[in-house]
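Note that the structure is a prediction, hence the values are computed from the model and not measured. A, B, ... follow the sequence lines: proteins, then strands. Residue 1 opens every chain.
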Protein chains: 2
Amino acid sequence: MAARAGVSVGTVSNVLNHPGQVRPATVEKVRAVIEELGFTPNANARSLAGADSRTIGLVVVDLRNTLFVDIARGAQREAAAEGMNLLVTNSDSDDSLQDAHLELFESARVSGVLLAPLSDPAVGVQRVRRHGTPLVVINYDTGREDCCTVLVDNERVGHLAARHMIELGRRRLAWVSELGALQPVQQRQVGVRRAVREAGRGVGLTEIDTQHVDGSHARTAVERLLAVPARHRPDAVVAVTDLLGASIVQELQEAGLSVPGDIAVMGCDHDARAWGGAIPLTTVRLEGEEMGVAAVRLLAEEVAEGGGHVHRTVVVQPSLLVRESSAGRVPVPGPTTTRALGSTRRGV
Amino acid sequence: MAARAGVSVGTVSNVLNHPGQVRPATVEKVRAVIEELGFTPNANARSLAGADSRTIGLVVVDLRNTLFVDIARGAQREAAAEGMNLLVTNSDSDDSLQDAHLELFESARVSGVLLAPLSDPAVGVQRVRRHGTPLVVINYDTGREDCCTVLVDNERVGHLAARHMIELGRRRLAWVSELGALQPVQQRQVGVRRAVREAGRGVGLTEIDTQHVDGSHARTAVERLLAVPARHRPDAVVAVTDLLGASIVQELQEAGLSVPGDIAVMGCDHDARAWGGAIPLTTVRLEGEEMGVAAVRLLAEEVAEGGGHVHRTVVVQPSLLVRESSAGRVPVPGPTTTRALGSTRRGV
DNA sequence: CTGAAAGCGCTTACAG
DNA sequence: CTGAAAGCGCTTACAG
């Protein structure tokens, strides 16, 4: 095709892929023609002929959750640094869509796949592994030995949250969450329980099941709270997600209670979707970008090392972000101490 | 390969693509082997051999801006409805990355490309068009006749915003924005000016240039506001984005002014990133999902109609979302009127 | 340094 | 209904 410009296809291919092996004058000439014709090589043919795609596919469970956007950004940045491209797909919490996306990437023969699933992705992972495509699972502990994993220390998430409430002087904690099958949720619960146990006598824990991790059942949860006589009522709520936490704040206010006066509330995830409420929500922040970077590094290792690769797990640590819903309206800091929007107190 | 299971490759291909033309028993047999071997057809070979990819590429300027996540979700939903897959790429406000992503999709020979750019994407668009790949530009009016476009009525965005402030009784409006080259910004400004003009005598407008559309120069803008003697000072600020609006709220509070008491503030975009401030921000909401759906429809039309396609522009209407930063703390609605988080008053 | 040839895994007419 | 053949646009050895 573009070879019409004097040389053979083989030579065009060489100026594209191994310009060092071609006489400079020829390189010039070919490049000029490429430019002139606006030639874009067919990546499909390229891949078929054996070149690797330099493309990574990322399947994410929910792009509205800013954690996953952060993961995508971190992954993108690191991919670019390694000379690769990142393609993102949103499964929107739909397991069958997730499998379809995995298969889409598989069929495109990408160099590797990153998967941030909602629940155990066993079937999908197995399929991908069967083809020998490198795969890194993000934010879910599969317990598998056959792929790398990037995890949040979810037990620590729960522990940081509950301990924060205890340190604020709260004594009757409530853990409000889906109490069923979701793994990160269970781990957070373990952390919450441990913090309460460590606090010793005088600190108690109530667990309330909302069936869902979003805010859809916040009302029922709040009704449960209010059914308890005021003096035995929980004075602190740790919600499994920000979405649920924010809804609880809203329901409590509608019921005439003050937050954090009567009941302190916090969520987990640092999810921007939940930031629309009247009271800024305390949360435990997950470091998404760091997770994305780590995932691409693991993937690149596996691509480079091939069969001899030993699978690893990287655990990223969360951090506490204190805002009004637990600590009350924080005095506005002086001009010299705040810069970025939302840079409230942060630390353990 | 899988043809090892009794039949020829041609037949395997037929059961995959035209199962009607194959004897049911053969279809059964082949499918069983496909299942058994975990066979995933090579999409690259498929595409090379002339089948179309059924894949759409979406290049988005900034995934942290929830508008673009909404666009991606709408596009995804509509793509699925048309039996296509959506691949998303985030250019992170980097024009050269954006061009690289366009080229990536081009080289993959996707069925069509969706582009949500920050500024005039002329070069990239031209390249894509040269190859004859269908392309729809989202959220930017290129003025080109050679592709379809999905736009927000940005003049209306500005008009809704300014009129809201005027209807609230504010008389000295400030339009705070980058006042330079960005097209959507200019259009919003036109709308703001028109609303002020329509309000007649007694309503005035000050325009303050922040150089950027994010919150980075909010402080300087606020200093400019405060330099004006109190009785002539603007009593309403319309910021070009929520990010800027939220930062202005914060700066005003740090300066000891009350929002909306002394100065009402609002943003535009309905951008979740800006929702972390102490006061929920009034905004003009852009209907991202609707935009994504419209874009995929236009693309599908063009794919179906081929060369005879006539390019069109679809304009999506914004809506006002009133919250505390302009209207004050809204009385908490009764249990029967609120459901979803953040469902505050909404309408013209 | 450059060209001609084989082959990547498919699909699509075309014979049988 | 099924198989054999050609061809999609590349890359990679291999001759020259």
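Checking D/dC1, D/dC10, D/dG9 against the side-chain heavy atoms of B/R23 singles out D/dC1 as nearest. Of the candidate nucleotides D/dC10, D/dT2, C/dC10, C/dC10 has the atom nearest to the side chain of B/A45.
For the pair B/L48 CG and D/dG7 C1', the computed distance is 10 Å after rounding to whole Å. For B/Q21 and D/dG3, the CD to P distance is 14 Å, given to the nearest whole Å. Regarding B/L16, its CG atom lies at a distance of 6 Å from the P atom of C/dT11, rounded to whole Å. We find that CZ of A/F39 is positioned 10 Å from P of D/dG9, with the value rounded to whole Å. Across the protein-nucleic acid pair, A/D52 atom CG and D/dC10 atom P stand 17 Å apart, rounded to whole Å. In this structure, CG of B/N44 is placed 10 Å from P of C/dC10, rounded to the nearest angstrom.
Not one N or O on the side chain of A/R46 forms a donor-acceptor pair closer than 3.5 Å with the backbone of A/P41.
Looking at B/L87, B/L86, B/N85 one by one, the single match for side chain to side chain contact (heavy atoms under 4.5 Å, CB included) with A/T89 turns out to be B/L87. Only one option out of B/V296, B/V150, B/V59, B/V88 pairs with B/L114 in a side chain to side chain contact (heavy atoms under 4.5 Å, CB included); it is B/V296.
Toward the 5′ end of DNA chain D lies the nearest nucleotide of B/P24, the other residue of the pair B/P24 and A/N42 mapping further downstream.
At D/dG9, none of the side-chain N or O atoms of A/R46 fall inside 4.0 Å of OP1 or OP2 (strictly under the cut-off). Look at A/T11 and you'll find a side-chain N or O under 4.0 angstrom from OP1 or OP2 of C/dG3.
Here CG of B/L63 is found 9.5 Å from CZ of B/F68. Values are rounded to the nearest 0.5 Å.
Sorted by first and then second residue, the salt bridge (Lys or Arg N to Asp or Glu O under 4.0 Å) pairs involving residues 103-112 of chain B (not counting sequence neighbours) are B/E103-B/R127. The salt bridge (Lys or Arg N to Asp or Glu O under 4.0 Å) analysis of residues 66-84 of chain B, with sequence neighbours excluded, yields the pairs A/D92-B/R73, B/R73-B/E289, B/R77-B/E289, B/E78-B/R297.
A donor atom on one side chain and an acceptor atom on the other are not found under 3.5 Å apart for A/R64 and A/N90.
Taking a pair as Watson-Crick or G-U wobble with both distances under 3.5 Å, the runs of three or more consecutive pairs in DNA chain D are C:1-3 with D:14-16, C:5-12 with D:5-12, C:14-16 with D:1-3.
When heavy atoms are screened at a 4.0 angstrom cut-off, A/T26 is found touching the sugar-phosphate backbone but no base atom.
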Cut-off 3.5 Å, no hydrogens considered: what does the side-chain donor-acceptor table look like for residues 134-142 of chain B, sequence neighbours left out?
| from | atom 1 | to | atom 2 | distance (Å) |
| --- | --- | --- | --- | --- |
| B/Y140 | OH | B/D120 | N | 3.3 |
| B/D141 | OD1 | B/G143 | N | 3.1 |
| B/T142 | OG1 | B/R144 | N | 3.0 |

Do any N or O atoms of the protein come closer than 3.5 Å to N or O atoms of nucleotides 12-16 of chain D, and which pairs are they?
| from | atom 1 | to | atom 2 | distance (Å) |
| --- | --- | --- | --- | --- |
| D/dT12 | OP2 | A/H18 | NE2 | 3.1 |

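With sequence neighbours excluded, the residues satisfying side chain to side chain contact (heavy atoms under 4.5 Å, CB included) with A/A43 are B/S107.
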